[in-house]
Student: 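Before we start, here is the structure in question, set down as structure tokens.
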Number of protein chains: 2
Amino acid sequence: MANAFIDKLRGFQFISADDARVLEAACPPARTFPARHDLIREGDKPGPLFLVLDGWACRYKLLHDGTRQILAFLMPGDFCDMHMSILNEMDHSIATLTTARVSMIPRVQLDALLDARPGIVRAFWWVQLVDEGTLRAQIVSMGRRRSIERVAHLMCELYIRMRNIGIADHDRADLPLTQIVLGDALGLTPVHVNRVLGRLRTLGIMELSGGVLTISDPPRLALIAGFDDNYLHRRLRIAA
Amino acid sequence: MANAFIDKLRGFQFISADDARVLEAACPPARTFPARHDLIREGDKPGPLFLVLDGWACRYKLLHDGTRQILAFLMPGDFCDMHMSILNEMDHSIATLTTARVSMIPRVQLDALLDARPGIVRAFWWVQLVDEGTLRAQIVSMGRRRSIERVAHLMCELYIRMRNIGIADHDRADLPLTQIVLGDALGLTPVHVNRVLGRLRTLGIMELSGGVLTISDPPRLALIAGFDDNYLHRRLRIAA
DNA sequence: CGGCCCCTTGAGCTGGTTCAAGAGATGTGG
DNA sequence: CCACATCTCTTGAACCAGCTCAAGGGGCCG
């Protein structure tokens with residue numbers, strides 16, 4: 001897996017072979033960061049565009065009282081952050097959750113790429129819009145789902161996304177997220193996340209332990225979650 | 001106010017006079033819709049781009065159990081929906097909340113505009129990114145703020161956004177949102193929204209009644225909300 | 001004038017939090 | 001390679017923010 005990001009664009013057939021080649025050539029060698037390392041912080045000025053090639057990261061925001069809200073999980077093939085090149089300041093931070101390999105495209109080079117290649121603009125825009133759908137899905141979860149549904153929904157989403165990029169087995173996947181991290185993403189306390197996971201385990205639906213997610217009853221999990229994957233926009237039009 | 005959308009872009013100095021003229025010329029005469037009218041529904045295929053010129057609308061999603069989650073409020077100058085031209089299907093619906101004047105740019109014309117005018121692409125992308133920041137702020141609210149903070153935060157945001165487009169006085173603004181609508185946006189029951197508004201009124205901080213928002217103690221409201229307007233990205237670079 | 005929303009308030013309930021404590025895992029330095 | 005420190009997971013008990021259910025009043029529109 002040389003470049004998970006381009007694989008993703010290609011996998012969705014949303015970038016031409018030509019554009020993919022140009023984009024890939026623009027990616028400098030990846031750097032490896034340890035877990036819990038901030039790639040960029042709220043308030044920072046424009047920097048390079050990050051592409052997560054391996055490992056996990058997240059967007060998050062710290063509140064005044066020290067609590068953290070995780071806004072999105074970034075897995076191989078996700079990017080962070082387009083914003084930089086258009087807005088003048090980050091309104092949230094991005095950090096690794098595990099050891100992660102990250103490719104960083106300098107902003108100047110990125111701008112040149114976008115000016116020269118409308119196909120790449122389109123591809124990036126598409127990714128952006130899909131990410132936005134994921135944000136909306138999270139709002140729905142936090143506003144209208146109870147804890148067990150919320151946990152189930154996140155597990156469905158992460159599982160599908162992992163399967164899409166080929167890092168999930170039939171019913172198992174490595175998911176190196178602690179219950180604290182899950183709580184910060186779901187707006188729940190880690191204690192309650194623990195109880196909910198225990199309940200799902202007892203029910204024989206899924207299990208998360210030792211960093212491995214095992215879904216033994218996918219239909220029931222999706223039912224509890226009220227999961228509909230339309231927001232992940234997997235079927236789409238070929239780039240114009 | 002001929003075209004609130006272009007006024008907004010101009011107000012933020014993010015579009016050239018030339019691009020503004022071209023964009024304005026592309027807007028067909030506005031249509032007026034009654035309140036509670038769906039402009040587009042989840043699952044719909046690409047249609048025209050909507051620009052809200054007058055009145056209020058919202059993005060929302062209905063769940064299986066009939067509950068509704070409002071994802072974003074659209075006021076004059078906001079657009080809905082770029083998604084259409086890139087994704088193949090809406091993952092949420094958009095409806096008017098009040099009588100609203102809406103301009104609809106046909107998609108073919110929009111695509112031509114975007115192809116011919118990189119400046120307009122940039123401007124749209126910027127708006128898109130700002131909207132995304134607003135989504136993230138909502139996630140933070142729902143995940144980490146209690147009801148009174150959440151209500152206060154939404155009021156701060158709406159007030160600032162209204163002031164930015166010139167439809168708010170010094171400490172008053174028309175805000176034609178029912179407590180039911182607010183509840184659907186905030187993930188609270190209308191009953192509880194009522195109690196929280198009552199509390200804020202008793203505290204002498206703000207009042208919402210008869211469709212009019214009056215903020216008598218802005219600093220205290222912002223303090224309760226933990227409000228920081230950085231995510232609205234008002235200071236920004238002039239379009240390249 | 002009548003019907004339908006919307007707002008308001010009360011009373012009791014409950015899902016999720018808080019606080020606490022111990023056991024298991026993981027990593028680090030000597 | 002072991003010892004110790006730190007982080008994570010787990011479970012229990014009490015509490016409380018926000019929900020549910022219910023009922024009455026007010027305003028707007030047909």
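Residue numbering restarts at 1 for every chain, and letters A, B, ... go by the order of the sequence lines.
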Student: So which heavy atom on B:G187 is nearest to which on B:R150, and how close?
Tutor: O-NH1, 3.9 Å
Student: Using only side-chain N and O atoms of A:R201, determine if any of them is under 4.0 Å from OP1 or OP2 of D:dT10.
Tutor: yes
Student: Between the main-chain N or O of B:P34 and the side-chain N or O of B:T96, is there a donor-acceptor pair closer than 3.5 Å?
Tutor: yes
Student: Within the structure, does a side-chain N or O atom of A:N194 lie under 4.0 Å from either OP1 or OP2 of D:dT10?
Tutor: yes
Student: Within the 3.5 Å criterion, strictly below it, is a donor on A:E157 or A:Q138 matched to an acceptor on the partner's side chain?
Tutor: no
Student: Please state how far atom CZ in B:R146 lies from atom C1' in C:dT18, giving the value in whole angstrom units.
Tutor: 10 Å
Student: Using heavy-atom distances to pick each residue's nearest nucleotide on DNA chain D, tell me which of A:R195 and A:L208 is more 5'.
Tutor: A:L208
Student: Measure CZ/B:R144 against C1'/C:dG16 and give the value in whole Å, please.
Tutor: 12 Å
Student: Answer yes or no: is there an ion pair linking A:D184 with B:R144, defined by an N-O contact shorter than 4.0 Å?
Tutor: yes
Student: Does a side-chain N or O from B:S147 land closer than 4.0 Å to OP1 or OP2 of D:dG18, or not?
Tutor: yes
Student: Whether A:D78 and A:R161 form a salt bridge (side-chain N of Lys/Arg under 4.0 Å from carboxylate O of Asp/Glu) is what I want to check.
Tutor: yes
Student: Pick base, sugar-phosphate or nothing for A:R36, based on heavy-atom distances below 4.0 Å to the nucleic acid.
Tutor: sugar-phosphate
Student: Rounded to whole Å, how long is the line connecting atom CZ of A:R199 with atom C1' of D:dT10?
Tutor: 16 Å
Student: Report the distance from atom CG of B:L197 to atom P of C:dT8, rounded to the nearest whole Å.
Tutor: 8 Å
Student: Can you see whether A:H192 engages A:S147 through a side-chain donor-acceptor pair at a distance of less than 3.5 angstrom?
Tutor: yes
Student: Salt bridge or not between A:R41 and A:D38? Use side-chain N to carboxylate O under 4.0 Å.
Tutor: yes
Student: Going from CE on B:M75 to CG on B:D54, what distance comes out if it is rounded to the nearest 0.5 angstrom?
Tutor: 12.5 Å
Student: Could you give the angle between the helix axes at the two ends of the helix from C:dC1-D:dG30 to C:dG30-D:dC1, with five pairs per end, rounded to 10 degrees?
Tutor: 50°
Student: Roughly how many Å is it from CD in A:E149 to P in C:dG15, rounded to a whole number?
Tutor: 12 Å
Student: Mind calculating the distance between CD1 (A:I148) and P (C:dT14) to the nearest angstrom?
Tutor: 18 Å
Student: Hey, what do you get for CG (A:L177) to CG (A:L208), rounding to the nearest 0.5 Å?
Tutor: 7.5 Å
Student: Can you list, in residue-number order, the parts of residues 172-193 of chain A that come under 4.0 Å of DNA chain D, counting heavy atoms only?
Tutor: A:T178, A:Q179, A:I180, A:V191
